[in-house]
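By convention here, the first residue in the shown sequence is residue 1.
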Amino acid sequence: MHWGKRRVRRMRKENLNLKVKDGGEKDIDGILSLRKVVFGEFEKDKLAPEFWRWEFMDNPDGNGLIYIVEDNGRIIGHFADIPRRFYVYGEIVLGTVSVDLMVAPEYRRRGIFEKMGRYAIQRVKEKNRTFMSSFPIRPQTINGFKKIGWIEILKLPVLIYPVRFSGILKNYLRLPPLSIFLAGLLRIFYNAIFSFKEKKLDKSVEIKEIKEIDQEFENFLNKHISIFPIIGVRDKNYMNWRYISHPTRFYTIYQAVKNGEVKGYIILRKADLLGFNTAVIVDLLTTEIDVLYALIDKGISYGKRENVDMLCFMVPKDHYYYKIFKKYGFIRSPKSFRFMIYPQEDKKELFDPKNWYLTWGDTDVM
């Protein structure tokens, strides 16, 4: 017992001298080993070296900034920033998305996160990036960010469309006959509430699946993306990297065409989310209401075709998409994400939650 206490005190004393330094591709084995310890089987595909290289080496916005802490050659701490360009009122601003905060369990509560966080702030400043952004989930991470000067901008609620009530209820009820019975009642009740809100779709809007980002799609992006106050740049290079050339994840992309012109798109992915068989609207963009209805309808059709339990979408509550999704039958779930920034420059527009358009595609989760 006393030996154990002495060992813990000795480790704490030694850990005071641990230094944060830049990492890189040479450290990939140690970084992925740490990920396996910290996150286990969660997002298992992120343990693949090709995923790591895609995320941190192939990004068209620039190579990732990697920060590591070692103890006797073993990586026991990791943090990283992915370069990201944003439109801020039509002006391209350089930022980052901070990801993959990891500390080995036996080294926690010793200030390593704070050291890595402050080191990251300095390195991003040296790269002349205007701000850092992140989507933390764990309370300890959120509190740790706030301690070193990060600011919480908004919460991102998750909206769900129940595709199969039976699939949802089976996660809570262990009696299949009861689940089926209650699922039928819930479907009747749900349809009674939302059936009168169904919208007639504009037949002139054609929705078609695409396998690449062509020039017409690029023209749409160039014409429409900067109308949102603050939004991550979605140009051809970025979209092809993010969704077409992903080494481990498959995305289904539909574009909306009206009168021969691209008017919007929706990007979907099947994923296990909180134990449910789920389809996720990873990204969505249009400025026309009739096109938005058509894209939402396509998302629901996709969910039914893939036989998922629910279709999910994450969007700021102040964005007008939020109200339209609610009218279409999407229900706010108890789940929400936080969006935080660390400003390297004093840009007041960054602090207004109403300025931001963010979806799951802006994170590295989906």
Side-chain angles (χ1 to χ4, degrees), residues 135 153-165 167-168 186-187 189-202 205 207 220 224-225 227-232 234 243 251-256 258 263-271 273-274 276-339 353-363 365-366:
F135 300 82
I153 302 299
L154 53 82
K155 290 184 179 180
L156 293 160
V158 175
L159 301 174
I160 64 170
Y161 181 92
V163 178
R164 291 193 314 131
F165 278 106
I168 297 171
L186 284 172
R187 177 57 64 187
F189 180 71
Y190 176 87
N191 289 344
I193 293 176
F194 291 104
S195 60
F196 71 94
K197 295 181 179 180
E198 291 180 358
K199 302 293 181 181
K200 292 184 179 179
L201 299 179
D202 186 343
V205 179
I207 308 293
F220 163 78
H224 291 84
I225 196 169
I227 67 168
F228 294 91
I230 306 178
I231 185 172
R234 288 154 164 82
Y243 301 111
Y251 299 91
T252 300
I253 306 176
Y254 294 102
Q255 69 178 13
K258 184 177 179 182
K263 294 292 186 178
Y265 68 85
I266 186 171
I267 301 176
L268 299 135
R269 176 181 172 235
K270 281 191 67 177
L273 194 62
L274 299 177
F276 294 98
N277 180 21
T278 307
V280 176
I281 299 175
V282 181
D283 199 17
L284 171 74
L285 191 67
T286 184
T287 58
E288 301 184 18
I289 298 298
D290 56 342
V291 175
L292 180 58
Y293 286 139
L295 290 171
I296 295 173
D297 190 73
K298 175 55 72 173
I300 294 171
S301 297
Y302 171 89
K304 292 177 178 177
R305 186 191 77 196
E306 297 295 328
N307 201 33
V308 300
D309 300 331
M310 62 180 71
L311 175 67
C312 300
F313 183 50
M314 184 180 77
V315 69
K317 187 177 179 180
D318 288 328
H319 197 275
Y320 72 93
Y321 285 179
Y322 180 88
K323 293 182 179 179
I324 293 174
F325 270 81
K326 290 288 293 290
K327 289 180 179 179
Y328 217 97
F330 282 72
I331 303 166
R332 181 167 181 170
S333 75
K335 182 72 175 177
S336 63
F337 286 75
R338 308 287 184 94
F339 176 67
K354 295 181 180 179
N355 285 341
W356 290 88
Y357 179 62
L358 300 161
T359 68
W360 252 310
D362 292 302
T363 76
V365 177
M366 282 294 166

Side-chain donor-acceptor contact under 3.5 Å, Y357 with D362: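 Result is no, nothing qualifies.
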Any donor and acceptor pair, going by atom type alone, linking the side chain of [X] with main-chain N or O of [Y] inside 3.5 Å?
X: R269; Y: I267; answer: no
X: T286; Y: L292; answer: no
X: D318; Y: P353; answer: no
X: D309; Y: N277; answer: yes
X: T359; Y: V282; answer: yes

How long is the gap from [atom1] on [X] to [atom2] on [Y], to the nearest 0.5 Å?
X: L311; Y: E306; atom1: CG; atom2: CD; value: 11.5 Å
X: I289; Y: I324; atom1: CD1; atom2: CD1; value: 3.5 Å
X: F228; Y: N355; atom1: CZ; atom2: CG; value: 12.5 Å
X: R234; Y: H224; atom1: CZ; atom2: NE2; value: 14.5 Å
X: R332; Y: I160; atom1: CZ; atom2: CD1; value: 12.0 Å
X: Y293; Y: L201; atom1: OH; atom2: CG; value: 10.0 Å

Candidate pair M310 and L273, rule side chain to side chain contact (heavy atoms under 4.5 Å, CB included), full reasoning: CA-CA 10 Å; M310 62 180 71; L273 194 62; over 6 Å; no
Considering all heavy atoms of both residues, which atom of [X] and which atom of [Y] are nearest to each other, and what is their separation?
X: Y322; Y: P157; value: CE1-CG, 3.6 Å
X: G361; Y: Y243; value: CA-OH, 3.4 Å
X: I266; Y: G299; value: CD1-CA, 4.2 Å
X: S336; Y: K155; value: OG-CD, 4.3 Å
X: Y302; Y: A279; value: CE2-CB, 3.8 Å
X: W360; Y: C312; value: CZ3-CB, 3.8 Å

Worked check of side chain to side chain contact (heavy atoms under 4.5 Å, CB included) between E288 and V205: CA-CA 11 Å; E288 301 184 18; V205 179; over 6 Å; no
Pair D283-Y265, side chain to side chain contact (heavy atoms under 4.5 Å, CB included): steps then yes or no: CA-CA 8 Å; D283 199 17; Y265 68 85; 2.7 Å; yes
Atom NZ of K317 with >12 non-hydrogen neighbours under 6.0 angstrom: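 Check fails, neighbour count at 12 or below.
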For Y161, the option from F313, F330, Y328, F325 that meets ring pair (Phe, Tyr, Trp, His ring centres under 6.0 Å):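 Among F313, F330, Y328, F325, the one that satisfies the ring pair (Phe, Tyr, Trp, His ring centres under 6.0 Å) with Y161 is F330.
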Residue pair L156 / V315, side-chain heavy-atom distance below 4.5 Å: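 Not in contact.
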Beyond-backbone contact of L284 with Y321, side-chain heavy atoms, under 4.5 angstrom: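 With C-beta onward as the side chain, the pair touches.
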Cation over ring face, K335 and F337, 6.0 Å, 45°: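 Output yes; distance and angle both within limits.
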